[in-house]
K.L.:
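Before anything else, here's the structure in question.
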Amino acid sequence: MSLMFGKMKTCNSADRSPAECNLVLLGVQGSGKSALTVKFLTKRFISEYDPHLEDVYSSEVVVDQQPVMVRVMDTFDQEGPVNSERYLSWANAFLVVYSIDSMESFKGSQLYLQILSLHNKTFRPRTPIILLGNKLDMDRYRQVSQCDGQALASRFGCLFFEVSACLDFMSVQHVFHEAVRRARSE
Ligand code: GDP
Ligand code: MG
């Protein structure tokens, strides 16, 4: 398997091989990284997923009429951001996930944003970041307002979405496609 570091590999017109895009999901345990990954790759919500599993999944998808080989790293950190080297230079875009029904997960997402923004200050090309409030279906237990999510995203210069891994596929797909678009334009 060939891995590109830094700049995303664009379509090779000679052999028609698809572009490649490495996406990394970060966030505290329980925020729904695995559920979102599975939803994007299979259109299904799997409610119980091994919480200690970290893996990279590949899938060829089409974004804006262009095929792209998307690799999704669904990370697992025991306690906060450690060993970030394993994804910092590998990623073409980051999705930092928190759960809207957990203030703790929102605070946890800030630690990831801090590390990523430090990385982006040092290395070029800058790697796009999307802040993602998950579990929108749990609105009645909401602890993090949409405004707080948006404000944090603006502070770190990232895009912001709220989704649910167990509701419609299209909004989850939209976020992953947006990550690919941002990676392409860097
Ligand atoms: P991870 O540790 O970040 O990978 O989180 P998981 O994907 O394992 O999800 C943690 C728990 O939250 C599991 O019990 C999931 O079923 C649940 N979960 C994940 N996404 C959602 C969601 O959008 N809505 C609801 N209600 N539960 C979710
Ligand atoms: Mg997981």
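Every heavy atom of this structure was used, including side-chain atoms; hydrogens, water molecules and symmetry mates were not. Order of appearance sets the numbers: ligands from 1, and atoms from 1 within every ligand. Position 1 is the first residue of the sequence, and the numbers go up from there.
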K.L.:
If the contact criterion is a heavy-atom separation under 4.0 Å, does Val28 count as touching ligand 1?
P.N.:
yes

K.L.:
Within less than 4.0 angstrom of ligand 1, does Cys166 place any heavy atom?
P.N.:
yes

K.L.:
Measure Ser34 to ligand 1 on non-hydrogen atoms and call it side chain, backbone, both or neither using the 4.0 Å cut-off.
P.N.:
both

K.L.:
Could an N or O of ligand 1 be found under 3.5 Å from any N or O of Ile46, whether backbone or side chain?
P.N.:
no

K.L.:
Using 2.8 Å as a strict upper limit, say whether an N, O or S atom of Thr75 approaches the Mg ion (ligand 2) that closely.
P.N.:
no

K.L.:
Is the Phe160 ring parallel, tilted or perpendicular to the Tyr98 ring (thresholds 30°, 60°)?
P.N.:
parallel

K.L.:
For atom 15 (C) of ligand 1, which protein heavy atom lies nearest, and how many Å away is it?
P.N.:
Ser47 O, 3.2 Å

K.L.:
How are the rings of Phe176 and Phe40 set relative to one another: parallel (under 30°), tilted (30 to 60°) or perpendicular (over 60°)?
P.N.:
parallel

K.L.:
Is a side-chain N or O of Asp50 found less than 3.5 angstrom from the main chain of His52, in a donor-acceptor match?
P.N.:
yes

K.L.:
Please classify the Phe76 to ligand 1 contact at 4.0 Å (heavy-atom distances, strictly less than): side chain, backbone, both or neither.
P.N.:
neither

K.L.:
Nearest protein heavy-atom contact for atom 22 (C) of ligand 1: which residue, which atom, what distance?
P.N.:
Lys135 CG, 3.4 Å

K.L.:
Would you sort out whether Asp77 and Tyr112 count as a side chain to side chain donor-acceptor pair (under 3.5 Å), showing the intermediate values?
P.N.:
CA-CA 11 Å; Asp77 284 325; Tyr112 285 97; 2.6 Å; yes

K.L.:
Test side-chain contact (heavy atoms from CB on, under 4.5 Å) on Leu53 and Asp74; report intermediate values, then the result.
P.N.:
CA-CA 8 Å; Leu53 203 62; Asp74 172 26; 5.9 Å; no

K.L.:
Please indicate whether any nitrogen or oxygen in Ala165 is less than 3.5 Å from any nitrogen or oxygen in ligand 1.
P.N.:
yes

K.L.:
Starting from atom 19 (C) of ligand 1, find the nearest protein heavy-atom neighbour and note its residue, name and distance.
P.N.:
Ala35 CB, 3.5 Å

K.L.:
Taking Arg142 for its side chain and Val144 for its backbone only, find out whether a donor-acceptor pair lies under 3.5 Å.
P.N.:
yes

K.L.:
Could you tell me whether Asn134 approaches ligand 1 through its side chain, its backbone, both or neither, with non-hydrogen atoms closer than 4.0 Å?
P.N.:
side chain

K.L.:
If you have a sec, work out which protein heavy atom is nearest atom 9 (O) of ligand 1 and how many Å separate them, to one decimal?
P.N.:
Gly32 CA, 3.7 Å

K.L.:
Evaluate the salt bridge (Lys or Arg N to Asp or Glu O under 4.0 Å) criterion for residues Arg182 and Glu178: first the C-alpha distance (whole Å), next the side-chain angles of each, then the deciding distance (0.1 Å), finally the verdict.
P.N.:
CA-CA 6 Å; Arg182 295 286 156 150; Glu178 200 54 37; 3.5 Å; yes

K.L.:
Looking only at heavy atoms of Gly30, does any of them come nearer than 4.0 Å to an atom of ligand 1?
P.N.:
yes

K.L.:
Distance from Phe161 atom CZ to Gln150 atom CD, nearest 0.5 Å?
P.N.:
10.0 Å

K.L.:
When you look at CZ of Arg44, are more than 12 heavy atoms from neighbouring residues, nucleotides or ligands closer to it than 6.0 Å?
P.N.:
no

K.L.:
Quick one: look up the protein heavy atom nearest atom 24 (N) of ligand 1 and list residue, atom name and how far away it is.
P.N.:
Asp137 OD1, 2.8 Å

K.L.:
Any chance CZ of Phe169 has more than 12 other-residue heavy atoms, nucleotides or ligands included, within less than 6.0 Å?
P.N.:
yes

K.L.:
Is any N or O atom of Lys33, backbone or side chain, closer than 3.5 Å to an N or O atom of ligand 1?
P.N.:
yes

